[in-house]
Amino acid sequence: MENKINRSGTTTALVVLLVFFRLFATGQHSIVDRYGHLSVKGSYLLSEKGDTVQLRGMSFFWSQWMPQFYNADCVQWLKDDWKCTIVRAAMGVEKGGYLTNPEKEKETIQKVIDAAIAQGLYVIIDYHSHEAHTNPDAAVVFFAEMAKKYGAYPNVIYELYNEPLADPSWSEDLKPYAEKVLKEIRKHDPDNLVIMGTRQWSQKVSEVIADPITDPNIAYALHFYAHTHRQWLMDEARKAMESGLALFVSEMGTCDASGNKFFNPKETQKWFDFMDQYKLSWCNWSVCDKEETASVLKPGVSATGNWKEEELTESGILIRNELILKNTPLLKTPVLKAGAKK
Ligand code: MG
């Protein structure tokens with residue numbers, strides 16, 4: 001027990017040191033220096049100073065199946081070369097994940113969380129499950145630990161439930177689950193942004209309109225795979241946003257909803273336009289070299305970044321180009337301190 005406490009204290013001290021080193025030794029400003037603590041206002045995400053925030057970045061793959069990519073060098077490459085402003089640590093829960101090996105899975109995702117904090121990126125702690133509401137106690141224990149450890153960092157966003165299936169009810173199953181987990185998070189972290197999944201693989205966002213969760217800093221997950229989910233899902237999203245709900249595209253793909261086949265740049269572009277219009281933040285699925293269309297990497301590439309263009313898939317090239325195109329101007333603009341003289 002004592003060892004664990006010491007280890008966690010050392011990790012926290014290292015992260016704090018790295019943050020100070022980056023700020024004062026390099027003079028560089030990160031996206032988190034720019035925006036600080038995030039909060040929801042109506043359907044928008046705002047920075048600490050009140051700017052409208054749109055984050056764009058990458059989701060890692062299920063932690064139990066692609067743990068090799070969960071490392072600080074990979075995070076650094078995604079920040080420096082891909083210009084990500086956010087990454088998502090997708091901790092597998094069932095299927096040999098957290099419920100089977102809690103310490104191992106936590107250790108895996110914490111490599112990404114700690115690296116994102118040290119490098120000034122936003123990071124989503126994603127409870128990657130399709131059935132989390134059937135075991136809320138496990139989620140309560142997990143998020144209590146995460147909120148205690150990371151709640152003071154503005155970098156951290158909690159995603160309570162990746163994608164509920166179509167069967168559960170929003171009001172009877174999913175909302176009570178979210179309230180239970182949220183109550184525990186708020187004991188330790190009163191203010192960081194929380195994302196809650198919605199029914200049918202995080203698509204039925206309009207069902208929340210009649211029965212929202214009462215927390216001032218919550219957004220609802222909208223997930224799409226561009227080849228499968230088209231105009232009707234944009235209409236569903238628009239309806240929710242026009243009623244004042246905030247949405248967060250914590251997972252999106254350029255292909256078929258299965259993650260494989262039908263790479264569709266044309267439909268993906270329509271979604272990029274839609275997300276820019278509504279200032280929706282997004283993470284692409286996924287940092288992974290599995291042989292399937294949604295992967296951004298070809299099989300067998302390095303797990304620590306330094307990827308050449310020919311090592312990226314067609315989806316990887318499209319996403320990297322979009323990230324560089326849209327995030328670079330923002331990262332190049334200097335952060336102004338309030339009251340700074342010209
Ligand atoms: Mg906090």
Side-chain angles (χ1 to χ4, degrees), residues 5 8-20 22-23 29-55 57 75 79 84-91 106 109-127 132 136 139-162 177-197 212-221 245-248 250 281 283 335 338:
I5 291 165
S8 140
T10 311
T11 309
T12 308
L14 271 175
V15 165
V16 170
L17 269 174
L18 278 167
V19 168
F20 277 103
R22 189 179 40 73
L23 257 180
H29 291 284
S30 71
I31 194 72
V32 177
D33 297 331
R34 171 177 293 274
Y35 288 147
H37 179 262
L38 301 176
S39 63
V40 159
K41 190 171 186 192
S43 62
Y44 291 101
L45 200 54
L46 298 188
S47 77
E48 218 166 295
K49 293 180 196 159
D51 318 287
T52 310
V53 171
Q54 186 182 17
L55 303 170
V75 173
K79 173 184 166 240
C84 287
T85 53
I86 184 169
V87 289
R88 178 182 189 236
M91 187 186 72
K106 275 187 290 182
I109 62 161
Q110 282 176 188
K111 288 180 195 162
V112 163
I113 301 167
D114 293 341
I117 292 171
Q119 294 173 34
L121 292 174
Y122 288 97
V123 57
I124 299 176
I125 304 178
D126 163 35
Y127 201 71
V140 164
V141 170
F142 170 75
F143 279 108
E145 191 179 336
M146 292 298 117
K148 258 185 245 177
K149 190 163 183 186
Y150 294 114
Y153 295 101
N155 313 64
V156 170
I157 299 167
Y158 311 98
E159 184 169 7
L160 309 184
Y161 192 160
N162 165 47
Y177 162 87
E179 286 173 330
K180 196 168 179 183
V181 180
L182 199 50
K183 194 176 162 199
E184 190 65 23
I185 290 177
R186 292 298 183 227
K187 283 183 195 167
H188 313 289
D189 177 359
D191 55 2
N192 279 36
L193 178 65
V194 168
I195 304 169
M196 176 57 193
I213 294 164
T214 49
D215 183 276
N217 212 10
I218 192 157
Y220 300 91
L245 295 177
L247 305 184
F248 201 114
S250 48
S281 295
C283 289
V335 180

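Note that these values count all heavy atoms, side chains included, but never hydrogens, waters or copies made by symmetry. All ligand and atom numbering here is 1-based and tracks the order in the structure.
- The distance from atom CD1 of I124 to atom CG of N155, rounded to the nearest 0.5 Å, is 12.5 Å.
- Protein atoms that are N, O or S and lie under 2.8 Å from the Mg ion (ligand 1) are these: G151 O, D189 OD1, D191 OD1, N192 OD1.
- Note on E184 versus K187: salt bridge recorded, some NZ/NE/NH1/NH2 to OD/OE distance being below 4.0 Å.
- For the residue pair R88 / N162, a side-chain donor-acceptor distance below 3.5 Å is found, with atom types taken as modelled.
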Check your understanding: Given Y150 and N192, is the side-chain hydrogen bond (donor to acceptor under 3.5 Å, both in side chains) satisfied, shown in steps?
Key -> CA-CA 10 Å; Y150 294 114; N192 279 36; over 6 Å; no
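- Across H37 and D191, no two heavy atoms sit closer than the pair NE2-O, 2.9 Å.
- By the 30° and 60° cut-offs, the orientation of the rings of F143 relative to Y127 is tilted.
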